[in-house]
Amino acid sequence: MSTTPQPRRPGRRATRVLAAAASLATLGALVAALPASAGQDGAGGGKGGGKRTVDVQLLSFNDFHGNLQPPAGSSGQVTEKQHDGTEKKIDAGGVEYLATSLRTARKAHPYSVTAAAGDLIGASPLLSGLFHDEPTIQAMNKLDLDVTSVGNHEFDEGAKELARIQNGGCHPKDGCFEKDEKGRPKKFEGADYPYLAANVTDEKTGKPILKPYWVWKHKGVKVGFIGVTLEGTPDIVSAEGIKGLKFHDEIETVNKYAKILDKQGVKSIVTLIHEGGAPASQTYNYDCDSPGAGDGISGPITDIAKGITPKVDALVTGHTHAAYVCTIPDPSGKPRMVTSASSYGKLYTDTTLTYDRRTKDIVRTSVKSANHVVSREQAKAPDMTSLINRWDKLAAPIANRPVGYISADIPGRGAGVPESPLGDLIADAQLAHAKSLDPEADLALMNPGGIRSDLVHKASGSEGDGVVTYGEAFTVQPFSNTVNLVDLTGAQLVTALKQQVGGANEQSPKILQVSDGLTYTLDMTKTGADRVVTDSIKLNGKALDPAATYRVALNSFLAGGGDGLPELGKGAKPLVGADDLKAFNDYLSANSSAGKPIAPPKADRITIVK
């Protein structure tokens, strides 16, 4: 596979630069006063009057997950620290506002490049997910995204589907979703920006499945981008999605391609990496470098950043859905910017990279960066509104169908606690479905990452408050996993519960959501697997018997040992049921009505000791 940088489709970038230049015309007097060489470097060229250095604007975001419409509930909010120390919740996100924010930010910046760090698609709301995320790719094309890395969710439907997302073509099973003006099937054009997958190779050829890097060029300025996803992607994606692929070490891969870019004369390099960290504060604008550089962040990205070659000048990260702007020292001890912009298009990061034309490198000490809120108080981008309306018409007959009723918000993704009310509700729904297949079913386990949103009481459309629509339920559970039944011994269940907080999950625990009747204590003052208090595990008030066999319901992802829980993949006597969304909708329909809506579960099945 060729790794030669490919040009973008012509016209869009040139149009943006001309527009920016036009906006600078109003500064005629100032431009006239500049040296003649400044015009060659562009206005706003940085230090040295534009002669030697030029400021490159890097706009970035991550983990969009097909959220074309503003995310509902707490999933659509960011927390801002105020000057007096208090915190304020701000409604944010939605592609109509993200497009406006990015376009506004680019004004008067002729050297501007926009990049993302993976999971732009996958685990998407119905408006995008129903159409295999074609609407999101169209939106990313319109907002002039230049380049992105792959994330783990880009592999939800496998490598062949990812290739279609990149290159275009109608879906092999569902065909073409749109029609042209003559009523003929309209071919999906694909992404007009490159997806980078430097550390994902074909098992047979050993070559990257997509381009490993891409070089942005403008008026003599060159910035290379290397894209990788987390090495642990196989642990959090279905086996079918990563079949035939190998995922390699992030540090080794980035260092390899940084050396290749350097030999090609590309000295300014940015890594787009779909792996992240855990910030010390949930406010997006906290000081990550207090009391010292990078002290405000922990997690996998810290060690990765410290191991990536100094040839890389900045890291745009993702995966953890967190917000941070940190300077973590590179292996030589020099400060290096590491950023993440939350998720769902609620924030974007604006980073200034001062490019030295003589050395062709970034002046690292001058790099500045900040996260900005994608406020819903600004004007919507009309072209994005049109795109949403077009796809919404196709989705409406399915999306607006009522499936249940709730009496109040039921927090899930936005709960911010190990056990969420929505997690309990989903686990109960899966146990109910399992019992319809096998009355001997004992309990259900649900992975937290499979819960993508909250259920919000306030109406999202014309359905009325408290009504749960099919589209809203789809947004919560978009993966089309099946509900499976397996036999596990009590000892295996204990092992699986310990794997939530030990081994591969010790640094980032994956706390399973449990059905009614299963209770235990999680002591977070301890470390690793010891956090699970073994003798506290009970089923319907009785201690779990290590030698007994239990019939356990869990989705197909967990049944394959996903989320770093291999013990769950060892279940015997498997039985495959319906998909998890059907199980959830059936439960809502059977257990709620307009006159008797479902109340939020108490989320008191797991006792947390802090």
Side-chain angles (χ1 to χ4, degrees), residues 63-73 75-76 93-95 118-137 139 151-158 161-162 165 171 173-174 177 236-238 240-241 319 321 343-345 388 391-392 394-401 403-404 410-415 420 422-423 425-427 429-430 433 446-456 460 468-484 513 554-558 560 562-563 577-588:
D63 295 278
F64 185 73
H65 290 290
N67 278 261
L68 299 172
Q69 296 169 311
S75 295
V95 78
D119 276 9
L120 299 182
I121 60 174
S124 305
L126 183 136
L127 181 62
S128 185
L130 186 64
F131 306 105
H132 300 280
D133 281 309
E134 290 182 19
T136 293
I137 300 303
N152 55 288
H153 282 289
E154 265 80 17
F155 294 94
D156 284 347
E157 295 189 48
E161 172 63 4
L162 177 56
I165 289 294
H171 192 270
K173 291 184 179 180
D174 295 335
F177 296 111
I236 51 177
V237 175
S238 67
E240 190 64 27
H319 187 54
H321 291 205
S343 61
Y344 304 161
I388 288 172
W391 286 100
D392 196 39
L394 295 176
I398 298 173
N400 297 332
R401 176 167 58 87
V403 295
I410 304 183
R413 186 78 177 184
S420 70
L422 188 51
L425 183 63
I426 291 171
Q430 294 191 1
H433 178 71
M446 174 63 192
N447 61 305
I451 305 166
R452 305 307 301 182
S453 185
D454 307 328
L455 282 183
V456 179
S460 59
V468 180
T469 65
Y470 182 90
E472 290 166 340
F474 184 100
T475 298
V476 170
Q477 288 201 276
F479 291 111
S480 297
N481 289 312
T482 55
V483 178
N484 294 8
Q513 309 298 284
L554 66 179
N555 63 33
S556 49
F557 171 68
L558 287 177
D563 258 0
D579 71 80
D580 52 7
L581 179 59
K582 183 179 187 307
F584 187 46
N585 287 341
D586 287 350
Y587 186 83
L588 292 173

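Count residues from 1 along the sequence.
Take Ser460 and apply the side-chain contact (heavy atoms from CB on, under 4.5 Å) test, not counting sequence neighbours, and it matches Glu463, Glu472. Evaluation of the side-chain contact (heavy atoms from CB on, under 4.5 Å) rule for Ser75 yields Pro71, Tyr344, Arg413, Ser453, Asp454 as partners, not counting sequence neighbours. For Asp579, the side-chain contact (heavy atoms from CB on, under 4.5 Å) test picks out Leu581, Lys582, with sequence neighbours left out. For Glu161, the salt bridge (charged side-chain N to carboxylate O under 4.0 Å, His left out) partners two or more places apart in sequence, or in a different chain, are Arg164. Residues satisfying the side-chain contact (heavy atoms from CB on, under 4.5 Å) criterion with Leu130, sequence neighbours excluded, are Leu126, Ala395, Ile398.
At least one donor-acceptor pair under 3.5 Å links the side chain of Asp63 to the backbone N or O of His319. A donor-acceptor pair is defined here as one N or O able to donate and one able to accept, closer than 3.5 Å; no such pair exists between the side chain of Thr136 and the backbone of Glu134. Between the side chain of Gln430 and the main chain of Ala427, no donor-acceptor pair closer than 3.5 Å is present. Although no hydrogens or angles enter the test, the distance criterion places a donor-acceptor pair under 3.5 Å between the side chain of His65 and the main chain of Gly122. Here the side chain of Ser128 pairs no donor or acceptor atom with the backbone of Pro135 at under 3.5 angstrom.
The distance from atom CD of Glu157 to atom NE2 of His171, rounded to the nearest 0.5 Å, is 5.0 Å. Atoms CG and OH, from Asn585 and Tyr470 in turn, are 6.5 Å apart once rounded to the nearest 0.5 Å. Atom CG of Leu422 and atom CZ of Arg452 lie 12.5 Å apart (nearest 0.5 Å). Atoms CG and CG, from Leu120 and Asp133 in turn, are 9.5 Å apart once rounded to the nearest 0.5 Å. Here the CG atom belonging to Asn481 is positioned 3.5 Å from the OG atom belonging to Ser556, to the nearest 0.5 angstrom. The line from OG1 of Thr482 to CZ of Phe557 is 12.5 Å long, rounded to the nearest 0.5 Å.
Phe64 and His153 have their aromatic ring centers separated by at least 6.0 angstrom.
Residue pairs meeting the salt bridge (charged side-chain N to carboxylate O under 4.0 Å, His left out) criterion with at least one partner in residues 119-130, sequence neighbours excluded, do not occur; the list is empty.
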Go through the steps for Asn447 and Ile236 under the test side chain to side chain contact (heavy atoms under 4.5 Å, CB included), then give the verdict. CA-CA 10 Å; Asn447 61 305; Ile236 51 177; over 6 Å; no

Could you go through the side chain to side chain contact (heavy atoms under 4.5 Å, CB included) check for Phe131 and Trp391 one step at a time? CA-CA 9 Å; Phe131 306 105; Trp391 286 100; 3.5 Å; yes

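Residues Glu154 and Ile165 have side chains not in contact (no heavy-atom distance under 4.5 Å, counting atoms from C-beta outward). Residues Tyr587 and Ile426 have side chains not in contact (no heavy-atom distance under 4.5 Å, counting atoms from C-beta outward). Inter-residue side-chain proximity for Pro125 and Asn67 is flagged as met; some heavy-atom pair is nearer than 4.5 Å.
For the residue pair Ser124 and Gly129, the shortest heavy atom distance occurs at CB-N, 3.9 Å. The minimum heavy-atom distance between Ala583 and Val483, with the atom names listed, is CB-CG2, 4.0 Å. Closest heavy-atom contact between Pro478 and Thr475: CD-O, 3.9 Å. Between Ser420 and Pro411, the closest heavy-atom pair is CB-O, 3.6 Å. Nearest approach of Val95 to Ala139, heavy atoms of both residues: CG2-CB, 4.0 Å.
Side-chain contact, Thr469 with Asn400: no donor N or O sits under 3.5 Å from an acceptor N or O.
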